Peer 1: 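My questions all concern the structure below.
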Amino acid sequence: MNYWLLKSEPSVYSIEDLKRDRKTLWDGVRNYQARNFLQAMTIGDRAFFYHSNAKPPGIVGLVEITQTNQIDPTQFDPSHKYYDPQSNPQKPRWQTVEVSFLEQFTPGLTLDQLKDRYSPEELLVVRKGNRLSVLPVPEPIALRMLRELRGA
DNA sequence: GCCAACGTTGGC
DNA sequence: GCCAACGTTGGC
């Protein structure tokens with residue numbers, strides 16, 4: 001099992017929204033490095049749900065990858081914000097995954113706390129200037145975070 | 001609202 | 001292939 005971190009702005013799609021929906025297609029990623037991480041995901045992987053552009057930003061939940069290699073339909077929708085006219089339906093450029101709600105953390109771990117407890121080498125999301133919305137989390141670090149989040 | 005970081009685009 | 005211009009992300 002691999003561990004990941006997925007960023008979302010809560011004003012766009014929050015952990016509360018996912019709790020309500022139970023599952024969602026993680027669409028709208030338009031960065032090749034992030035897409036490559038999405039392609040590397042396998043069913044059963046876990047991902048931390050991170051609220052960006054939030055007050056405060058931080059980890060607020062855990063999700064499971066329940067479907068992989070899903071074509072992102074928004075790339076073919078001209079009315080959509082994430083329409084990509086250069087993507088060929090015979091060879092879609094953007095694939096993604098389906099994620100399912102596992103748990104919400106209250107409290108979670110704020111970015112400030114993450115910076116205090118983890119180095120930029122251990123945890124990419126605390127690295128200055130990192131704008132990738134999909135990131136891998138090394139397993140030992142993921143397990144440490146889960147222990148902290150669950151109050152052990 | 002500002003701005004640093006950084007990815008993408010396009011002229012050459 | 002270089003790189004300036006531009007757009008976006010996201011913390012503050």
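Owing to the predicted nature of the structure, the values given are computational and were not obtained by experimental measurement. The chains referred to below are lettered A, B, ... by the order of the sequence lines, with proteins before strands, and numbering in each begins at 1.
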Peer 1: What is the distance, rounded to the nearest whole Å, between atom NE2 of His51(A) and atom P of dT9(C)?
Peer 2: 17 Å
Peer 1: Would you indicate which nucleotide in dG10(C), dG11(C), dA4(B) comes nearest to any side-chain atom of Pro57(A)?
Peer 2: dG11(C)
Peer 1: Of the options dT8(B), dC12(C), dA5(B), whose atoms approach the side-chain atoms of Asp112(A) most closely?
Peer 2: dC12(C)
Peer 1: In whole Å, what is the span from the CG atom of Leu135(A) to the P atom of dG10(C)?
Peer 2: 9 Å
Peer 1: Any side-chain N or O of Lys128(A) below 4.0 angstrom from OP1/OP2 of dA5(B)?
Peer 2: yes
Peer 1: Checking Gln70(A) side chain against Thr68(A) main chain: does a donor-acceptor pair fall under 3.5 Å?
Peer 2: yes
Peer 1: Flag the pair Asp84(A) and Arg93(A) as a salt bridge only when some basic side-chain nitrogen lies within less than 4.0 angstrom of an acidic carboxylate oxygen.
Peer 2: yes
Peer 1: Rounding to a whole Å, what distance do you find between Ile59(A):CD1 and dG11(C):P?
Peer 2: 12 Å
Peer 1: Rounded to the nearest 0.5 Å, what separation is found between the CG atom of Leu124(A) and the CG atom of Leu135(A)?
Peer 2: 5.5 Å
Peer 1: Taking CH2 from Trp94(A) and P from dT8(B), how many angstroms apart are they, rounded to a whole number?
Peer 2: 7 Å
Peer 1: Using whole Å, what does the distance between atom P of nucleotide dC12(C) and atom CD of Glu9(A) come to?
Peer 2: 15 Å
Peer 1: Do Val63(A) and Leu18(A) come within less than 4.5 Å of each other through their side chains, counting heavy atoms only?
Peer 2: yes
Peer 1: For the side chain of Lys115(A), counting heavy atoms from C-beta on, which of dA4(B), dG7(B), dC12(C) is nearest?
Peer 2: dC12(C)
Peer 1: Taking only N and O in the side chain of Tyr50(A), is any of them less than 4.0 Å away from OP1 or OP2 of dG11(C)?
Peer 2: yes
Peer 1: How many Å lie between CZ on Arg131(A) and P on dA4(B), as a whole number?
Peer 2: 14 Å
Peer 1: Rounding to a whole Å, what distance do you find between Tyr82(A):OH and dG7(C):P?
Peer 2: 17 Å
Peer 1: Would you mind telling me which of Leu62(A), Leu5(A), Ile59(A) makes a side chain to side chain contact (heavy atoms under 4.5 Å, CB included) with Met145(A)?
Peer 2: Ile59(A)
Peer 1: Can you work out whether Lys55(A) or Lys81(A) has the more 5'-proximal nearest nucleotide on DNA chain C?
Peer 2: Lys81(A)
Peer 1: Output the single nucleotide from dG11(C), dG7(B), dA4(B) whose closest atom is nearest the side chain of Ser52(A).
Peer 2: dG11(C)
Peer 1: OP1, OP2 of dG10(C) versus side-chain N and O of Lys7(A): anything below 4.0 Å?
Peer 2: yes
Peer 1: May I have the distance from Leu111(A) (atom CG) to dT9(C) (atom C1'), rounded to whole angstrom?
Peer 2: 14 Å
